[in-house]
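Letters go in sequence order (proteins before strands), and every chain restarts at 1.
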Amino acid sequence: MTQYPHLSIEKKWQDAWEKNECFIAKAPKPGQKKAYVLEMFPYPSGRLHMGHVRNYALGDVVARYKRANGYAVLHPMGWDAFGLPAENAAIKHNTQPKSWTYKNISAMREQLKSLGFSLDWSREFATCDPEYYSQQQKIFLKFFENDLVYRKSSRVNWDPVENSVLANEQVVDGRGWRSGALVETRQLNQWFFRITKYSTDLLDGLSELDNWPEKVKTMQTNWIGKSHGAKVCFTITNTSQKQQNIEVFTTRPDTLFGASFVALSPEHPLSSELAKNNPKIDAFIRKCAQLGTSEETIERAEKSGVDTGLIVTHPFDKTKTLQVWIANFVLMGYGTGAIFGCPAGDQRDLDFARKYDLAVLPVVLPEGKSADQYQIANKAWTGTGTLFNSDFLNGLSVEEAIKVALSKLKELGAGETTTQYRLRDWGASRQRYWGCPIPIIHCHDCGIVPVPLADIPVLLPDEVSFETPGNPLDHHPNWKQTTCPKCKQKAVRETDTLDTFVDSSWYFARFCSPRSKDPVDSAPANAWLPVDQYIGGVEHAVMHLLYARFFTRALKDCGLLDIKADEPFDGLFTQGMVTHETYKDSSGNWVEPVNVLRSDTGLTTKAGKPVTVGAIEKMSKSKLNTVDPAVIIEKYGADVARWFVLSDSPPDRDVQWTESGLEGAARFVSRVWAEVLRVSKEPVFPEQETTDLSKNLIKTTHKTIKLISQDIEDLGFNRAVARLYSLLNDIKKATDNDPEQIAARRFATESLVLLLAPFAPHLAESCWEALGCKQLVAMTKWPEFDEKWLEEKTLIIPVQINGKRRSQLSVAFGLDKAVLQEHALKDPDIIKSLSGLKIVKVIVVPDRIINIVAK
RNA sequence: GCGGGCGUGGCGGAAUCGGUAGACGCACAGGACUUAAAAUCCUGGGAUCGCAAGAUCGUGGGGGUUCAAGUCCCCCCGCCCGCACCA
C-alpha cells in the first residue's frame, strides 16, 4: 500500500492555509450568517494533552463545516494564563511565573499549530498580558462604581507554618500539603462580586438556553438553589446574652411540631459569643474550623455538636421548649446559619438526634401507613404524606400544611415567608502574586480609593521572591508603596489579585476586538456574540459558566458590553475525558504506556519487569497513564490523532485511548489515500446514470452527504466517522470499469474527500490535489445532496408474532394498514409460524412494523 | 454527605419518535497473495442448543406499564463529574 507521507504534507497545507488567510475571521457581510465557534481556552501547563486534542478537534470540525457552508466564522485561541501552578513551578524550579508561563505558551502554540486547527491566530492573547488584564482592571473599577463588587470579611484556610492562605486543593486531610501543619481558618477582608444580585435572572435565563445540555441547566438551577420558605424566630428563655432570639430558615415549616432541637452553625455570631465563656464550646468550634472551608468536607464529616445550655420556646406552643446546640453540619453561608432540627423528616437531623439521644417525633405520615404503628428507625421520611402529631396541622397534606403553618407564623409574629438562594456572592480575592492586581489603594485617611483610570494598568512586578511564604506582592520591597490619589498622602496598594475565574468570565467577548483600547468594542461584539458553539469539559458546568453568564449581564448593565444577546453562549457542548489503561510494575510503581512492552508472555517494562494492568482512568500525570500528542503527531500525523479522538466514542462520553484504535485510524488514512490515488488515475467521464451499480453508489453518496451534514450539526462525530468508513468501503467495492461506474466512483470519491475535510483536513487537501482540483478544500463549498436520490420506493417491513420477528415483507412505500395486514397474513413464514395459534389482534404501523398478537 | 450524569457482544460504540438490538470500527478466526513474514485484500463472528432449518436467551440487577421496552416508570448496584481558593 502507498504510505501516506504525513510529515512533509501536513506542514505544506498548514503553510498554504496561513498564506491564503483561510482562517482569519472577517466580519460577516450583509446577509451572511456568522458562527462563533469557541473551545474553552487552555491553561498553559507546558504540554498539550489528549484532552486538549479532543476538545479542539471537536470545535474544528464545527468551524470547518460552518466555513464550507458559507458562514463567517470566528474561531480564536488564547491562554488562561494566570494561576497557582505558575507559582508552584516558580518555587520548585526557581524561575519566575512570567517566564515559565510564556515559555509554556510558545511550546503549546507550536503543538496546536502542528495539529492544523483552523484557528484565527491573529486574535491570540494570554490573560496575563498587561493589555488583557489592564482591561480587566477597568472592568473592576466600573463594577466598583456600580456596586457590583464590595469588600467583606470571609473565611480562608490558613497554614500557620507557611503563614499563607491555602486553596482547598492544598488542604489534604485537614493539613497543609507542603507543611503538613493542621489547617486553621482565619477571617480576612476580601473582595466579592455581587453575583447574587442576578440570582433570579441567572435562573430564569436558563429556560431560554435550548442548545445547552439539560444536565448543565439542572446543575446550575440546583446551584442557584432558589427555595421558598420561612424565617422562624425562636425565643431564648434563659439567656444573659444580648441576643434574645434565634432566627432559622426552613423550607418545611409544616414539620415544626416535629422539631426536637435548634442548631447553630459553629460560625454563627452567637456561637462565637458563647465560646467566650465556655471552653467546651470554644474547643468544639476550633475543631470544626480545622475541617477547612470546603463544603464537601464539612458535610461529609461525622455529625457532631455541643449543647449550649440555651433553651428556646416553640413558636407554636410556648409550653414546649427545645435545646440549642451548635452542630458541625449547619452552614453559615446558607439561610441564617441556624436551623431547627426535625429528625423524622431530615436525614442529617436524624443522625444527629440518634447520636445525642434527642427526641424523634414523626409528623408526616406516608400514604398507606397507620398512625399508631408508624415509627422512624434510622431512615428519615422526606416524602409527601399527611400531617399528624401536629395540632392544628393534623390531617393536612404537606403542601397545605406549609401554607397554613406560614400564615400562622405571620399571625403570631414569629416568622415570615422568604425566598432563599443557595448561591453566594463570589469571593474573588486571592492572596497570590500571579493574577490580575486589584486596582485599589488603601489610604489611612480616605479608606478604599480606586486607582484612577489614567493610572491603569497597575502592572505586576516582573521579579518577585518566593523565599518567604505568603503573598509575594505583599513582601515586595516597594511594589505596594504608593500615594493616595485623593489626599496624596502615603498609601498602599491592594495586594490581593483576582481569582482566575474572572479572567475566563469575559475572554470570549475580548476575542471580538482583541486589540481594542476598551474592554470590548461594540460593533464587532454585536457582529459575533453570542458564541454559537462553546465546547469544553463538564467539570465547568457550574462555576465557570455561571460566572461568565453573570459577567455578561454585569458588563451590559455597566455599559461595557453593548450587545443584544442576554446570554454569552447560545450553544454549549460538554465533551468527555480521554482515558487510558493504567499500569504498575511489581513494586507497585506506575508505569508509563510508552514503557510497556507487549509480548506473548504478557506485559513487561522495557527493563523486563512484569507489568499488571489496572483500571482505565482519566489520563493524568499522577497515574502516568498519559500519551503525549507530540509523539503521536510525529509518528502518525495530526490527521490520525484527530481522526482517533473523533472516532468511536460519542463526544460527550469518555474516550479510551488505545494503541490498536490508533492503528485503525492510521490504516483508514492510508486506505483513503490509496483509494484516491487509484481513482485519480482513471479517466474523467461525464456523469451518467444508467446501470444499477452506478445508481447505487450515487444514491449512497447523496444519502451520506445528507446524514453526515446532520451528524455534524448534532455534534455526532462518531456517527459521521462510521459513515465515512462505509462510504469508503462502498467506493472500494465498486470496481467495474465502464464509464458510468468510473463517473459514479469519481463523484463518490470527490464527495468523500470534502466530507472528510473537517475531520482530517490535511489528508483531504492532499486527496483533493491528487484528484486534480486546484482550489484548497479549506476554501471549497460543502457538497450538496439532491433529494431526488433519496426517495425510497420500496422498503422492508418486519412482521412479528407476539413481539418476535418471524418474517419480513418487501413492499411499496405508503401502503395502508389493511393492505399490509393482508400481505402479512399471506406470507408463507407467517402462515407456518401461526399454525395452531388463534389471531387475537393485528397491529399495523404503516411503513414501520406489523405485529400479530396470537394465542 | 448533597447535586448531576453514565452503564448495550471479547472491546469502543449504532439504533435520532416506544417498532428488525448489535450499523461502523477494533480485536479474533479462516482464506487469498508471498520462498516466508509484515502489509494488504476477501470471508465469518452476541450467547446457548442443533448437521441444518430453526429455537431459546440477551442492552448493569430486580420489578412494572405496553401488542411491542436499550428507549417510559419504581427500587437497587457500579463507575464518573461538581461542591464555591485547582483550572
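- Partners of A/E87 by salt bridge (charged side-chain N to carboxylate O under 4.0 Å, His left out), not counting sequence neighbours: none found.
- In this view, A/S153 and A/Q187, A/N189 satisfy the side-chain contact (heavy atoms from CB on, under 4.5 Å) rule, not counting sequence neighbours.
- For A/F717, the ring pair (Phe, Tyr, Trp, His ring centres under 6.0 Å) criterion is met by no residue, not counting sequence neighbours.
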ask   = With the sugar-phosphate defined as primed atoms, P, OP1 and OP2, and the base as all remaining atoms, what B/S/- string results for nucleotides 81-87 of chain B, 5' to 3', for protein heavy atoms under 4.0 Å?
value = SSBBBBB
message = Please encode protein proximity along nucleotides 21-31 of chain B as a string of B, S and -, counting only heavy-atom distances under 4.0 Å.
response = --BSSSS----
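- Base orientation for B/rG54: anti, the chi torsion being more than 90° from 0.
- Helical stems involving RNA chain B, defined as 3 or more consecutive Watson-Crick or G-U pairs under 3.5 Å, span B:1-7 with B:77-83, B:10-12 with B:24-26, B:28-32 with B:40-44, B:46-49 with B:54-57, B:60-64 with B:72-76.
- In this view, A/R194 and A/D147 satisfy the salt bridge (charged side-chain N to carboxylate O under 4.0 Å, His left out) rule, not counting sequence neighbours.
- Residues passing the ring pair (Phe, Tyr, Trp, His ring centres under 6.0 Å) test with A/H49, sequence neighbours excluded: A/H52.
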Indicate every side-chain donor-acceptor pair of residues 645-655 of chain A with a distance under 3.5 Å to a residue at least two apart or in another chain.
{"from": "A/S647", "atom 1": "OG", "to": "A/W643", "atom 2": "O", "distance (Å)": "2.5"}
{"from": "A/S649", "atom 1": "OG", "to": "A/D654", "atom 2": "O", "distance (Å)": "3.3"}
{"from": "A/D654", "atom 1": "OD1", "to": "A/M577", "atom 2": "N", "distance (Å)": "2.9"}

For nucleotides 6-9 of chain B, list the nitrogen or oxygen atoms of the protein found under 3.5 Å from its nitrogen or oxygen atoms, one pair per line.
{"from": "B/rG7", "atom 1": "OP1", "to": "A/R653", "atom 2": "NH2", "distance (Å)": "3.2"}

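- Residues passing the side-chain contact (heavy atoms from CB on, under 4.5 Å) test with A/R430 are A/R432, A/T497, A/D499, sequence neighbours excluded.
- With sequence neighbours left out, A/V842 forms a side-chain contact (heavy atoms from CB on, under 4.5 Å) with A/Q821, A/I839, A/V844, A/I850, A/I852.
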